[in-house]
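A short worksheet on the structure shown next.
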Amino acid sequence: PELRAARARRAEAEAGVDAARAAWVPDVALYAQLLHQTLTPIVGRQLWTGGVRVSWTAWDFGRRALAVEAARARRRAADAALARTGEELE
C-alpha cells in the first residue's frame with residue numbers, strides 16, 4: 001500500500017507539471033450567432049455572425065515559468081519519496 005500511495009503521489013505530481021505547462025498554451029474559442037428579426041425591413045430577417053477568439057498572456061512577469069519550476073520540484077520530491085519507499089520495502 002505504501003508503494004502504491006507513493007506511485008499515486010508521483011503521478012499526481014506529473015499531472016501538476018502538465019497542468020502548469022498548459023498555462024503556456026493560448027485559449028482559442030469559436031463562436032456563431034443567428035439573429036432573427038422582424039422589426040425593420042431595411043435589414044435582412046436573419047443576421048449571422050461568427051468568429052474566432054484567441055487570447056494568450058504575452059507577459060506575466062515570470063508567473064508561469066515559476067509555476068512550472070515549482071511543479072517540477074514537487075515531481076522531483078515525489079520521485080525521491082518513491083525511491084525511498086522502494087528501498088525501504090526491499
Check your understanding: Around Glu2, counting heavy atoms of other residues, nucleotides and ligands shown, do more than 12 lie under 6.0 Å from its CD?
Key -> no
Practice item. Give a yes or no on whether Glu69 atom CD has more than 12 heavy-atom contacts from other residues, nucleotides or ligands under 6.0 Å away. Key: yes
From [atom1] ([X]) to [atom2] ([Y]), nearest 0.5 Å:
| X | Y | atom1 | atom2 | result |
| --- | --- | --- | --- | --- |
| Asp18 | Arg75 | CG | CZ | 8.5 Å |
| Arg45 | Leu39 | CZ | CG | 10.0 Å |
| Trp24 | Asp60 | CH2 | CG | 6.0 Å |
| Arg84 | Asp79 | CZ | CG | 10.5 Å |

Practice item. Indicate if Val54 and Leu30 have the same hydrophobic cluster label, given that clusters are the connected sets of ILVMFWY residues with side-chain heavy-atom separations under 4.5 angstrom. Key: yes
Where do [X] and [Y] come nearest, in terms of heavy atoms and distance?
| X | Y | answer |
| --- | --- | --- |
| Arg7 | Leu82 | CG-CD1, 3.7 Å |
| Leu34 | Trp48 | CD1-CE2, 3.5 Å |
| Ala67 | Ala20 | O-CB, 3.8 Å |

Check your understanding: Is the charged tip of Arg64 near the ring of Trp56: under 6.0 Å from the six-membered ring centre and within 45° of its axis?
Key -> yes
Point to revise | Check against salt bridge (Lys or Arg N to Asp or Glu O under 4.0 Å), Glu14 and Arg74 | key: CA-CA 9 Å; Glu14 184 66 33; Arg74 286 189 293 275; over 6 Å; no
